[in-house]
There are 2 protein chains.
Amino acid sequence: MKLTSKGRYAVMALVDLARFDNINPVSLRDISLRQGISLDYLEQIFSKLKKNQIVKSIRGKQGGYVLNKNPNDIKLTNIFHAVDEKVKTVQCKKESKKGCNGKATKCITHNLWDELEIHINTFFENKSLKDLLNNNKETRV
Amino acid sequence: MKLTSKGRYAVMALVDLARFDNINPVSLRDISLRQGISLDYLEQIFSKLKKNQIVKSIRGKQGGYVLNKNPNDIKLTNIFHAVDEKVKTVQCKKESKKGCNGKATKCITHNLWDELEIHINTFFENKSLKDLLNNNKETRV
DNA sequence: TCTAAACTTGACCATTTTAGTCAGGTATGT
DNA sequence: ACATACCTGACTAAAATGGTCAAGTTTAGA
């Protein structure tokens, strides 16, 4: 199981944004340069972040993006949800309470994968942008 | 981030195996039928499980596979490692202690991804086949 | 001894996902 | 008016996924 770069980039970009948006909006071009992420790709990502009210955009010259919430209120789970980075451990539909893979019974390890999904999502729910900013100030290894 | 079916199948197959290998070796054909997994695919998976000493094989008629260890000593992490299901959250090389993506400095969210990786791996290290067997007897929902 | 069941190995492949690129827009501060 | 920046959708090469297929070897049991 691996994290896609869409999710990774989204978080990187938002941390970058959070550090620089104190006064002026931050342009994607700047983020692109600082973080080494393709500008075109960033635009796709920010389009989704905007749809999910995580950032606001200011168009025109001197424009850019600004956080739309307090960094403390932006959890990893919100970011990942916005860019469709989701945790999937089971193939079977969630809705069909019993029966996986067209069988009459629940697959033998169903509970395990549910547990795993919860385990991972808990991590994402407890981690906010604020946490990452602090963490980064310490530049701890 | 999602679990691949190679990893999922490996665990399903081993739980199945653990339940039936008390007396005789279990054939992949049986597992295939019970779990609804392609026989050819199972063969690939068991070849790896065998290389990693998780199962033993008995060839010939009436042959099949048997666990090579106590279910309590087979952790999820062992199974996933055997079938190359690994948790990857960073693109950057582990070895290069400083510097991600060819940059001089660590990427801004590096610590986060490391934490996440540890968080997930901890789950895998603490879960054994034995746990899954018990869990399944209870048939809890 | 013959045969069928079962493991063994390696090549092959269609589909899907990923990680972008490209080409055009539109809005707005100076 | 023009440069800067956001906005949108189509497109695509490469990798990963989730298998299939073919051709073995081994061994129990009739």
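Letters A, B, ... mirror the listed sequences (proteins, then strands); counts begin at 1. No hydrogens, no waters, no symmetry mates; every other heavy atom, side chains included, goes into these values.
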Identify whether any heavy atom of Ser38(A) sits under 4.0 Å from a base atom; if not, whether one sits that close to sugar-phosphate; answer base, sugar-phosphate or nothing.
sugar-phosphate
Let me test you: for the helix from dT1(C)-dA30(D) to dT30(C)-dA1(D), what is the angle between the axes at its two ends (five pairs each), rounded to 10 degrees?
10°
Does the pair Leu67(B) and Leu129(B) meet the rule for a side-chain contact (heavy atoms from CB on, under 4.5 Å), with working shown?
CA-CA 11 Å; Leu67(B) 289 184; Leu129(B) 253 195; 4.1 Å; yes
Within the 4.0 Å heavy-atom criterion, would you say Ser27(B) contacts the bases, only the backbone, or no part of the nucleic acid?
sugar-phosphate
State, yes or no, whether a side-chain contact exists between Leu112(B) and Leu116(B) at a heavy-atom distance under 4.5 Å.
no
Is Lys48(B) salt-bridged to Asp84(B), going by a charged N under 4.0 Å from an acidic O?
yes
Should Phe123(B) and Phe124(A) be counted in the same cluster of Ile, Leu, Val, Met, Phe, Trp and Tyr side chains packed under 4.5 Å apart?
yes
Respond yes when some side-chain nitrogen or oxygen of Lys50(B) is under 4.0 Å from OP1 or OP2 of dC7(C), and no when none is.
no
Can you check whether Thr77(B) reaches His81(B) side chain to side chain, under 4.5 Å on heavy atoms?
no
What does Val55(B) touch in the nucleic acid at a heavy-atom separation under 4.0 angstrom: a base, only the sugar-phosphate, or nothing?
nothing
Rounded to the Å, how far apart are Leu42(B) CG and dT9(C) C1'?
16 Å
Determine whether Tyr41(B) and Leu39(B) fall in the same hydrophobic cluster, where Ile, Leu, Val, Met, Phe, Trp and Tyr are linked whenever their side-chain heavy atoms lie under 4.5 Å apart.
yes
Value in whole Å for how far the P atom of dT4(D) lies from CG of Asn24(A):
17 Å
Hey, what do you get for NZ (Lys130(B)) to CG (Asn70(B)), rounding to the nearest 0.5 Å?
7.0 Å
Could you list the protein-to-nucleotides 12-15 of chain C atom pairs, N/O on both sides, closer than 3.5 Å?
none

Within this structure, what is the CG-to-P distance between Leu39(B) and dT9(C), rounded to whole angstrom?
15 Å
Would you kindly confirm whether Val66(A) and Leu28(A) end up in one hydrophobic cluster when ILVMFWY residues are joined by side chain heavy atoms under 4.5 Å apart?
no
Integer-rounded Å distance: dC6(D) P and Ile45(A) CD1:
14 Å
The reported gap from CG in Leu17(A) to OG in Ser27(A) (rounded to nearest 0.5 angstrom) is 10.0 Å
For a quick check of understanding: with a heavy-atom distance under 4.0 Å over all strands, which category does Tyr65(B) fall into, base, sugar-phosphate or nothing?
sugar-phosphate
Please tell me whether Leu133(B) and Tyr65(B) are part of a single hydrophobic cluster in this structure, the criterion being side-chain heavy atoms less than 4.5 Å apart.
yes
Please assess Phe80(A) against Val87(A) for the test side-chain contact (heavy atoms from CB on, under 4.5 Å), listing each intermediate value before the final yes or no.
CA-CA 9 Å; Phe80(A) 283 157; Val87(A) 179; over 6 Å; no
Round to the nearest Å and state the distance from Ile37(B) atom CD1 to dG18(D) atom P.
12 Å
Using a cut-off of strictly less than 4.0 Å, decide whether Ser57(A) has a side-chain nitrogen or oxygen near OP1 or OP2 of dC7(D).
yes
For Lys6(A) and dT18(C), is the shortest distance between a side-chain N/O and OP1 or OP2 below 4.0 Å?
no
Step by step, would you call Val90(A) with Glu117(A) a side-chain contact (heavy atoms from CB on, under 4.5 Å)?
CA-CA 9 Å; Val90(A) 262; Glu117(A) 221 170 278; 3.9 Å; yes
Give the nucleotide from the list dA16(D), dT21(C), dG18(D) with an atom nearest to the side chain of Thr4(B).
dG18(D)
Could you tell me whether the phosphate oxygens of dG20(C), OP1 or OP2, come under 4.0 Å of any side-chain nitrogen or oxygen in Ser5(A)?
yes
When you measure from the side-chain N and O atoms of Tyr9(A) to the phosphate of dT18(C), is any distance below 4.0 Å, counting only OP1 and OP2?
no
Whole-Å gap separating P (dA19(C)) and NZ (Lys88(B))
11 Å
Test side-chain contact (heavy atoms from CB on, under 4.5 Å) on Ile31(B) and Val26(B) and set out the steps.
CA-CA 8 Å; Ile31(B) 297 180; Val26(B) 181; 3.8 Å; yes
Distance in angstrom units between Arg29(A) CZ and dA3(D) P, rounded:
14 Å
Would you mind building the protein contact string for nucleotides 22-30 of chain C? One character per nucleotide, 5' to 3', B for base within reach (heavy atoms under 4.0 Å), S for sugar-phosphate only, - for untouched.
B--BBBBB-
Here the distance between atom P of dT8(C) and atom NZ of Lys56(B), to the nearest Å, is 13 Å
